[in-house]
Amino acid sequence: MNRSTLRIDYTETVKEKLDREDSELIEMAFKAADKAYSPYSNFRVGAAIRLDNGMILQGNNQENASFPAGICAERAVIFYAHANFPESKIRAIAVTASPCGVCRQVLLESEKRAGAPIRMILANGNKIFIFNSVKDLLPFGFDSF
Ligand code: THU
């Protein structure tokens with residue numbers, strides 16, 4: 001029997017201290033949040049993805065009267081990216097919230113497809129949290145062993 005402890009590396013900062021690329025991506029995520037369709041929760045979430053070809057894609061949560069049919073901002077933009085640019089790798093994602101477990105699982109697969117860590121820039125009020133890999137946010141995720 002082995003007892004282990006996981007260490008999670010992350011950076012806590014504020015928008016004003018972000019470098020140009022991270023700052024641009026989180027701003028795009030906030031802009032995307034403004035266009036969310038969330039009449040049931042009244043909670044707007046935006047996400048923006050940077051691909052390895054330099055493109056930035058945006059998404060937001062899209063709700064439905066049949067609640068489970070709605071989709072989170074992260075999955076909306078991740079699946080759009082894979083559907084339209086299947087050969088491109090996701091390098092970074094910025095989100096105006098902390099991703100739910102399902103989105104973390106989807107991001108884990110995108111990271112696997114990319115073959116390289118995906119940088120995650122997450123906003124929570126005035127605070128920004130940066131993770132260097134999806135694995136840091138979903139240790140022991142399905143298929144990650
Ligand atoms: N939501 C997201 O879009 N992303 C997250 O990271 C957390 C939650 C959405 C789902 C739903 O439309 C609303 O926020 C309230 O849960």
Side-chain angles (χ1 to χ4, degrees), residues 1-38 40-63 67-68 70-145:
M1 196 164 75
N2 287 316
R3 239 186 120 93
S4 303
T5 305
L6 284 178
R7 217 174 70 96
I8 299 178
D9 274 312
Y10 67 93
T11 302
E12 186 181 331
T13 185
V14 288
K15 269 201 231 171
E16 294 70 30
K17 289 192 178 159
L18 290 175
D19 68 25
R20 198 191 51 77
E21 284 207 332
D22 288 350
S23 172
E24 180 186 27
L25 208 58
I26 197 70
E27 282 312 318
M28 296 287 271
F30 275 108
K31 282 200 177 112
D34 292 339
K35 298 181 203 154
Y37 178 69
S38 52
Y40 304 101
S41 71
N42 277 318
F43 187 67
R44 294 172 191 266
V45 183
I49 277 178
R50 187 187 303 282
L51 297 179
D52 60 351
N53 64 12
M55 282 187 73
I56 293 181
L57 307 172
Q58 293 166 288
N60 46 39
N61 52 331
Q62 296 293 320
E63 298 186 346
F67 290 2
I71 192 165
C72 292
E74 298 92 317
R75 272 174 293 147
V77 69
I78 292 164
F79 289 143
Y80 179 85
H82 290 314
N84 291 285
F85 306 96
E87 305 304 328
S88 295
K89 300 170 192 308
I90 297 175
R91 290 277 185 244
I93 184 168
V95 191
T96 64
S98 183
C100 76
V102 175
C103 289
R104 291 177 195 206
Q105 180 65 38
V106 169
L107 276 160
L108 195 65
E109 184 118 359
S110 297
E111 190 164 85
K112 193 177 168 188
R113 284 175 72 156
I118 294 177
R119 183 175 177 82
M120 306 179 70
I121 303 120
L122 312 177
N124 180 12
N126 278 338
K127 289 182 180 168
I128 302 280
F129 296 86
I130 300 174
F131 296 82
N132 287 319
S133 167
V134 179
K135 286 197 179 111
D136 290 328
L137 270 180
L138 190 64
F140 299 107
F142 185 66
D143 211 28
S144 71
F145 285 99

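For the pair S23/K15, no side-chain contact is recorded, criterion being any heavy-atom separation below 4.5 Å from C-beta on. Here the side chains of L122 and I130 are not in contact, with every heavy-atom distance at 4.5 Å or above. Between I56 and E24, some side-chain heavy-atom pair lies under the 4.5 Å cut-off. The side-chain heavy atoms of S110 and I118, taken from C-beta on, include a pair separated by under 4.5 Å. Contact annotation: the side chain of L57 approaches that of Y80 to within less than 4.5 Å [non-hydrogen atoms, C-beta and beyond]. In this structure, R50 and M55 have side chains that are not in contact, with every pair of non-hydrogen atoms separated by 4.5 Å or more. I93 has its side chain out of reach of I121: every pair of non-hydrogen atoms, C-beta onward, lies at least 4.5 Å apart. Side-chain contact check for F142 versus Q105: some heavy-atom pair is nearer than 4.5 Å.
Between the side chain of E111 and the backbone N or O of V134 there is at least one donor-acceptor pair closer than 3.5 Å. Not a single donor-acceptor pair under 3.5 Å links the side chain of N61 to the backbone N or O of I71. Judged purely by atom type and a 3.5 angstrom limit, S88 has no side-chain atom pairing as donor or acceptor with the backbone of D52.
R104 and E74 are not joined by a salt bridge, as no carboxylate oxygen comes within less than 4.0 angstrom of a charged side-chain nitrogen. Between K112 and D143, at least one side-chain nitrogen of the basic residue sits less than 4.0 Å from a carboxylate oxygen of the acidic one, meeting the salt-bridge criterion.
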(message) Could you walk me through whether T11 and F129 satisfy the side-chain contact (heavy atoms from CB on, under 4.5 Å) test, starting with their C-alpha distance in whole Å, then the side-chain angles of each, then the deciding distance to 0.1 Å, before giving a yes or no?
(response) CA-CA 6 Å; T11 302; F129 296 86; over 6 Å; no

(request) Before giving the answer on side-chain contact (heavy atoms from CB on, under 4.5 Å), spell out for R91 and L51 the whole-Å C-alpha distance, their side-chain angles and the decisive distance to 0.1 Å. (result) CA-CA 5 Å; R91 290 277 185 244; L51 297 179; over 6 Å; no

(message) Working note: M120 + V95, criterion side-chain contact (heavy atoms from CB on, under 4.5 Å); need CA distance, chi angles, decisive distance, verdict.
(response) CA-CA 8 Å; M120 306 179 70; V95 191; 5.8 Å; no

(message) Under the criterion side-chain contact (heavy atoms from CB on, under 4.5 Å), I'd like the reasoning laid out for R119 against D22: C-alpha separation, chi angles, the key distance, then a yes or no.
(response) CA-CA 9 Å; R119 183 175 177 82; D22 288 350; 2.7 Å; yes

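Atom CD of E12 is surrounded by more than 12 heavy atoms from other residues, nucleotides or ligands within 6.0 Å. The 12-atom threshold is not exceeded at CG of N126, counting heavy atoms of other residues, nucleotides or ligands nearer than 6.0 Å. For Y40, the OH atom sits in a packed shell: over 12 heavy atoms of surrounding residues, nucleotides or ligands are nearer than 6.0 Å.
Inspection of the Q58 and N60 side chains reveals no N or O donor paired with an N or O acceptor under 3.5 Å.
Rounded to the nearest 0.5 Å, atoms CG (L107) and OG (S133) are 10.0 Å apart. Atom CZ of F140 and atom CG of L6 lie 5.0 Å apart (nearest 0.5 Å).
Across all non-hydrogen atoms, the minimal contact from A32 to G59 is CB-O, 3.4 Å.
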